[in-house]
**Student:** 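One structure follows; several queries about it will come next.
We name chains A, B, ... by the order of the sequence lines, and we start the count at 1 in each one. Side-chain atoms are counted along with the backbone in the values below, which use heavy atoms only and exclude waters and symmetry mates.
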Number of protein chains: 2
Amino acid sequence: MRRKLTQRGRQRREQLMHRAARLFAERGYDPTSVADIVESLGVGKGVFYWYFTSKEELLAEILKASNHDLRRRQEAAIGDEPDPLERIAIGVRASLEWFRDHRDYFSIIQFAATDERFAPVLRRNRETALGDTIRHLKDAIVAGRIPDQDPEMLALAVLGVVEQLTRRYLVDGDEPVDRVGAAAVSFCLHGLGG
Amino acid sequence: MRRKLTQRGRQRREQLMHRAARLFAERGYDPTSVADIVESLGVGKGVFYWYFTSKEELLAEILKASNHDLRRRQEAAIGDEPDPLERIAIGVRASLEWFRDHRDYFSIIQFAATDERFAPVLRRNRETALGDTIRHLKDAIVAGRIPDQDPEMLALAVLGVVEQLTRRYLVDGDEPVDRVGAAAVSFCLHGLGG
DNA sequence: CCTCTTGTTGACCGGTCGGTCAAGTGCTCG
DNA sequence: CGAGCACTTGACCGACCGGTCAACAAGAGG
């Protein structure tokens, strides 16, 4: 759905996306009806379909926008840091901060990952995150900072560590990012041998 | 729902659970209707409600049963292995094998983790998996095999690595368990410095 | 101040869903 | 062989859902 939007229109669209994200996180995507979303904002149903062609498109847009935002945060944090391992560490910390500030999106993303309807968008998002990490890992291997192993496997392992610690300590819990970040980075660098 | 079941009844119940699991994995829990499940087996709708009080109870039962099965496989594989780190490695490999043989359950579990309706069951399952790993890690710390760190964080990190590699290489892909298991164990033991 | 586009309303529609139930069928065991 | 319980059928129900639309409001630009 492409439309000419005024300033007010763009705000309304964002408002719908944010509110929907909150409701999706609370009750789940399918159980949350379009009626729920518009009622929660006190507007008519037509408003929704002025900005989105379908509920499915809405979630796809939410996924795209959030991924874009997270990636921007990572890039801003990494800046021009030269050390590839430090780039990963910074990226990890930036991701933790982002999820702490956007708890809702964690379960939305996880849901979307299980649903064929959103597989295309989700896969694209996951590939870019993976690609970024792989790039840094390859740099680290070339620089002789870490042994020569399959960088894709390593990247997946790193993302797995981050995902679990994020869920437990930042989404379900409320631990300080620093502590979680330090633990994540330490495990990724040295494993159980700490 | 507790009922006296004959042999035939128990088979029917299992048949319903297996078929439902397959459909849930393919189309998702909410989009799969009870009518879909019974039609796919060529039986009437009443059959479903003879064995389960609701669709929700069915999924809860699927989650409980699959977790029980996975845990049995882990215990059988570990046997009386004395080395705590080796126990973890064996448990990891057993889990990988189980998920390779039960691909369907991966996305079902992941979906359930995002839905408040199934949070109680899912949380219990997760806690036992976490508890098992933590126990081995504490043993390893006491035995001086690894440095003294927060075992819960370490356990979460291990589970995160296993989860990601499982999804990529056993659920989406079709890699041999040995290769994936070796990579997972290696990363968990030494991190990127592997 | 008028016009044209953006934005909003909410009743309405066809379809589906989870769940019920009265009526039957077929084992099983005494 | 008959009684009673396990099991099955499938039409039916009320609720709700995603999506449409005709009519209307509002504000920007000329």
**Student:** Once you round it to whole Å, what is the distance between C1' of C:dC27 and CG of B:L5?
**Tutor:** 14 Å
**Student:** Can you name the residues that form a side-chain contact (heavy atoms from CB on, under 4.5 Å) with B:T6, not counting sequence neighbours?
**Tutor:** B:R8
**Student:** Would you list the pairs meeting salt bridge (Lys or Arg N to Asp or Glu O under 4.0 Å) in which at least one residue belongs to residues 31-55 of chain B, sequence neighbours left out?
**Tutor:** B:R27-B:D36
**Student:** So do the side chains of B:V43 and B:R12 get within less than 4.5 Å of each other, counting heavy atoms only?
**Tutor:** yes
**Student:** Strictly below 4.0 Å: does A:T6 bring a side-chain N or O up to OP1 or OP2 of C:dG7?
**Tutor:** yes
**Student:** Checking all strands, does B:T53 fall into the base, sugar-phosphate, or nothing category for heavy-atom contacts under 4.0 angstrom?
**Tutor:** nothing
**Student:** Would you jot down, in residue-number order, the residues of residues 41-51 of chain A having a non-hydrogen atom under 4.0 Å from DNA chain C?
**Tutor:** A:V43, A:G44, A:K45, A:G46, A:V47, A:W50, A:Y51
**Student:** Would you please indicate yes or no on a ring centroid separation below 6.0 angstrom for A:Y29 and A:F118?
**Tutor:** yes
**Student:** Expected output is a numbered-order residue list: members of residues 18-38 of chain B with a heavy atom under 4.0 Å from any atom of DNA chain C. What is it?
**Tutor:** B:T32, B:S33, B:V34
**Student:** For atom CZ of A:R10, is the number of surrounding heavy atoms from other residues, nucleotides or ligands below 6.0 Å larger than 12?
**Tutor:** yes
**Student:** Which atoms form the tightest heavy-atom contact between A:Y51 and A:R13, and what is the distance?
**Tutor:** O-NH1, 3.7 Å
**Student:** Take B:D172 and A:R126, measure what salt bridge (Lys or Arg N to Asp or Glu O under 4.0 Å) needs, and give me the verdict at the end.
**Tutor:** CA-CA 13 Å; B:D172 293 348; A:R126 216 177 265 278; over 6 Å; no
**Student:** Along DNA chain D, 5' to 3', what are the outermost nucleotides having an atom less than 4.0 Å from a heavy atom of chain B?
**Tutor:** D:dA6 to D:dG10
**Student:** Are the side chain of A:R19 and the backbone N or O of A:S40 linked by a donor-acceptor pair below 3.5 Å?
**Tutor:** yes
**Student:** Would you classify B:R12 as touching base, sugar-phosphate or nothing, given that sugar-phosphate means primed atoms plus P, OP1 and OP2, and contacts are heavy atoms under 4.0 Å?
**Tutor:** sugar-phosphate
**Student:** Please report how far the helix from C:dC1-D:dG30 to C:dG30-D:dC1 bends, comparing the axis fitted to its first five pairs with the axis fitted to its last five, to the nearest 10 degrees.
**Tutor:** 20°
**Student:** Below 30° counts as parallel, above 60° as perpendicular, anything between as tilted: where do the rings of A:F187 and B:F187 land?
**Tutor:** tilted
**Student:** Return the orientation label for the A:F48 and A:F52 ring planes: parallel under 30°, perpendicular over 60°, tilted otherwise.
**Tutor:** tilted
**Student:** Give the minimum heavy-atom separation between A:E57 and A:M1, together with the two atoms involved.
**Tutor:** OE2-N, 2.8 Å
**Student:** As a quick check of understanding, evaluate salt bridge (Lys or Arg N to Asp or Glu O under 4.0 Å) for A:R87 and A:D132, giving each step before the final call.
**Tutor:** CA-CA 10 Å; A:R87 285 210 296 275; A:D132 288 345; over 6 Å; no
**Student:** Could you state the CZ-C1' distance from A:R13 to C:dT8, rounded to the nearest angstrom?
**Tutor:** 17 Å
**Student:** Heavy-atom count around A:E116 CD within 6.0 Å, excluding the residue itself: above 12?
**Tutor:** no
